[in-house]
Amino acid sequence: MQTKSNILLNNANLTALPESVIVPGYDRSKVTSGIVHVGVGGFHRSHEAFYTNEYMTQSGDLSWGICGVGLRDADRKMKTLLEAQDYLYTLIVKHPDGTVENKVIGSLSDFLLGCDDPEAVINKMACAETKIVSLTITEGGYNFNPATGEFDFSNPDVIYDLANPNTPRLVFGYLVAALKLRRENGLPPFTIQSCDNVQHNGDVAKKMLIAYATAVDSELGKWIESEVSFPNAMVDRITPATTPDDIAYLQQLGIQDEWPVTCEPFHQWIIEDKFILTRPQWEQVGAQFVTDVTPYEKMKIRLLNAGHSVLGILGSLQGFETIDESVQDPLFAKFLRHFMDVEVTPILSPVAGINLDEYKSTLLARFANPNIKDGLARICSENAAKLSTFMLPTILDNLAKNGEIECATLIIAAWCYYSDKRVDKQGKALVISDAMADEVHKLASQTSERSTALLELDTLFASLTSSSVFVMAYKKQVVAFYDTPDVKHHMQMILNNYSV
Ligand code: CS2
């Protein structure tokens, strides 16, 4: 509840905030926006916007403000609330020992909504001040067919965008319109910086954008291919969804912030150093620039993100609510570590400067942070796209070298049951938010008649169903799971078999 004594978060009130709250160490009125960011969710605000805030504070180089962009009506709430706060928000960093740091982030300098005014977004991206367009558009946002890896031209929004290039719906329409304008105006292009958990995220963004641009104008496609740079990057910081308790916590400190962000203390950003124009020296505030990010991103996506899916799916069925609750169960922790050691580590390449054993132990400790209440509903949202990015490639890699696939296969079988029944062990309805939920449910619910019905979902499983080893392993797991739908029983069976 807002009381009279609460200080509204905005520019004018920055000096009135309690001393325990760290405020931006630069003059916000002098900030210009060298970055346009599409997809201003919690993760962007705890990660890139945080790094950029730190960089502007430390360097005094104020040309790196971020103009946030939302493309859909669903982004209106974020725009409206942030606008009322001069785009300021509090980052609440929660340590495992209960210590909390509160930091007001000032790097967001504007917010445009594409569905209201597409031209404003295109012009902003096309203006000379913009050096980088960065993206957090989620795994599904790259619009590729998971089975073929090719741009999905059958998407109705793509068909719409091709017919309406000045009022696009998808990010590719905006990027192409803006790059076209820059080219016509004799300006160099911007760098496109992907911040999503997609392996080779820059390469994927490049492939999709070129496919789309070529369909618009083949010359423009060629120009983008030769002139635009797409650094690959590994991004990491656990950022749970904001809850009313987070708003209430700040109110107790006397601050009224309508949409703060909470996160863990750990953060990592490893980026390929191939920017066309200037860029923030993010390395001064902890980012790492490398020539090849491949081993880092593979390690992170296959261990952390897949680890989240392991806990998310099994934990949801068990009736757990959060990641820390799941990993604090010793059997869950043991199973997760087993999956990491036996099914993921063998398919990773050595990673310079990283001790994998320590990395995995740190992950388990990060997951167990009791102050980060990372909801399983967030983790399981868009499970279909996440599993095909985080988990299925690990099964494929293991099949190619006769490696173990038992744990990952159990996850797919458990996900089938989860998608079919949509309730936890106690019969409580699961919150499922997935663009593919209906398709998955339809096939999953035929499992009792045809045990491998889910595998008929070609967009996900086409490359796996050619392996009889996988199909047989899945059949065995899914039949056993439907027979005894108890996740702990199956985790224990795998662990027992392994130690025999
Ligand atoms: C999570 C990520 O649900 C998910 O995809 O695994 O959001 C994860 O928390 C971040 O990638 C951490 O860096």
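All ligand and atom numbering here is 1-based and tracks the order in the structure. None of these values were measured; they are calculated from a predicted model.
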* Can you name the one residue among E139, K300, K386 that meets side-chain hydrogen bond (donor to acceptor under 3.5 Å, both in side chains) with N305? ->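 So, applying the side-chain hydrogen bond (donor to acceptor under 3.5 Å, both in side chains) to N305 and each of E139, K300, K386, only K300 qualifies.
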* Check each atom of ligand 1 against the heavy atoms of R237 and keep those under 4.0 Å away; list them by number with element. =>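 Listed by number with element, the hits are 12 (C), 13 (O).
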* **Atoms in ligand 1 with a heavy atom of F390 nearer than 4.0 Å** =>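 Those qualifying, in numeric order: 5 (O).
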* Option passing ring-ring contact (aromatic ring centres under 6.0 Å, His included) with H490 (candidates F481, F335, Y482, Y417) ->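 Among F481, F335, Y482, Y417, the one meeting ring-ring contact (aromatic ring centres under 6.0 Å, His included) with H490 is F481.
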* Asked: Parallel under 30°, tilted from 30 to 60°, perpendicular over 60°: which one fits the rings of F470 and F461?
  ->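 The rings of F470 and F461 lie parallel, inter-plane angle below 30°.
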* Before signing off on this row, confirm whether T239 and ligand 1 have an N or O atom pair separated by under 3.5 Å. =>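 No; every N/O pair is 3.5 Å or more apart.
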* **N/O separation below 3.5 Å, D236 to ligand 1** =>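 D236 vs ligand 1: N/O contact under 3.5 Å present.
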* Asked: If you measure from each non-hydrogen atom of I379 to ligand 1, which part falls under 4.0 Å: side chain, backbone, both or neither?
  ->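 The answer is both, backbone and side chain.
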* Could you list the residues that satisfy side chain to side chain contact (heavy atoms under 4.5 Å, CB included) with D97, not counting sequence neighbours? =>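 Partners of D97 under the side chain to side chain contact (heavy atoms under 4.5 Å, CB included) test: H95, T99.
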* Options R378, E264, Q268, ranked by nearest heavy atom to atom 9 (O) of ligand 1, top entry ->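 Among R378, E264, Q268, the closest heavy atom to atom 9 (O) of ligand 1 comes from R378.
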* Would you mind finding which of H308, M234, K386 brings a heavy atom closest to atom 6 (O) of ligand 1? =>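 It is H308 whose heavy atom sits nearest to atom 6 (O) of ligand 1.
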* **atom 2 (C) of ligand 1 - nearest protein heavy atom and its distance** =>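 Looking only at protein heavy atoms, the one closest to atom 2 (C) of ligand 1 is N305 ND2, 3.4 Å.
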* Asked: Under 4.0 angstrom from ligand 1, any heavy atom of K300?
  ->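 In this structure, K300 qualifies as a contact of ligand 1 - some heavy atom is under 4.0 Å.
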Hey, can you pull the donor-acceptor pairs under 3.5 Å for the side chains in residues 404-414, sequence neighbours left out?
| from | atom 1 | to | atom 2 | distance (Å) |
| --- | --- | --- | --- | --- |
| T409 | OG1 | I405 | O | 2.5 |

* Asked: Can a donor-acceptor pair be found between the side chains of D152 and S154 at a distance below 3.5 Å?
  ->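 Present: a donor and an acceptor within the cut-off.
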* Asked: Where do D161 and R169 come nearest, in terms of heavy atoms and distance?
  ->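 Looks like OD1-N, 2.7 Å.
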